[in-house]
Amino acid sequence: MSIDVRDLTVAGWTGRDPEAIRHHIDELAALGVAPPSAVPLYYRCAADQLTQAAEIEVVGEGTSGEVEPFIVSHAGEFYLGLASDHTDRELEAHSVALSKQICAKPVARDLWRLSEVANRLESLELRSWIQEKPEAEWTLYQEGTIASIRPLQQLIDGAGLTSSARNAAAVLCGTFGAIGGVRPAAAFRMELRDPELDRTIAHRYQIRTLPIVS
């Protein structure tokens, strides 16, 4: 199936547990990121930032990925997939919106019809791992279930997605805290697992760092 996404939104600060939101705000505050004006927030990004490539290019050493549920509206149906909200953490201290717009958003190739998992949506598991240095061992970076995130229908509505829209649209639905704190990596791996059917959507990508020229 070929989908031409024309509108892309990244939902931020989407944790369901106020303490979890506070944890994520605090870990980003340690990087100099100002707290949000409201939760959740919806950031519009360029749709051409979506990529299924096995490598992305970033400027500088201060970027990192985040595993997120990925909702696509296409041809009268909603689909659930997997994405990484790769973000420039140094720029984030200046502007969260710009930091999200500057980096590619890697997405997995597989999608599930949202209707097929609607009755067990919150039991679906999300995990990510990082290689902190090239060829290093994979380290568990994030782990949780969709139950940790606000109801996806709420985020779909907040992002303005409708199944009847003429053009395909998508939203990244937020994440949860990093184990050991937010930090850059040489590679990022992520998965979305349906424990009932024992099936998984997965993707991994390398991060190629370009020099900062002053």
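- Annotation: His86 is not in aromatic contact with Phe188 [ring centroid separation under 6.0 Å not met].
- Clustering of Ile, Leu, Val, Met, Phe, Trp and Tyr side chains at separations under 4.5 Å places Trp129 together with Trp138, Leu140, Ile179.
- Side-chain atoms of Thr175 and Gln142 form a donor-acceptor pair, as typed in the model, at a separation below 3.5 Å.
- Look at Glu19 and Arg22 and you find no salt bridge, because none of the NZ, NE, NH1 or NH2 atoms lies under 4.0 Å from a carboxylate O.
- Using a 4.5 Å cut-off on side-chain heavy atoms (C-beta onward), Ile201 and Asp194 make no contact.
- A salt bridge links Arg16 with Glu122: the distance from a Lys NZ or Arg NE/NH1/NH2 to an Asp or Glu carboxylate oxygen falls below 4.0 Å.
- Of the candidates Ile71, Ile146, Thr14, Cys173 forms a side chain to side chain contact (heavy atoms under 4.5 Å, CB included) with just one, namely Ile71.
- Side-chain atoms of Tyr141 come within 3.5 Å of backbone atoms of Arg183 as a donor-acceptor pair (strictly under, hydrogens ignored).
- Using a cutoff of 4.0 Å between basic side-chain nitrogens and carboxylate oxygens, Lys100 and Asp88 are not scored as salt-bridged.
- With Ser115 contributing its side chain and Arg113 its backbone, the two residues share no donor-acceptor pair below 3.5 Å.
- A donor-acceptor distance shorter than 3.5 angstrom exists from the side chain of Gln49 to the backbone of Gln101, with no hydrogens or angles considered.
- For the pair Thr51 (side chain) and Lys105 (backbone), a donor-acceptor distance under 3.5 Å is absent.
- Checked against salt bridge (Lys or Arg N to Asp or Glu O under 4.0 Å), Arg208 has the following partners two or more places apart in sequence or in another chain: Glu57.
- Using a distance-only test at 3.5 Å, with no hydrogens or angles considered, no donor-acceptor pair links the side chain of Gln52 to the main chain of Val107.
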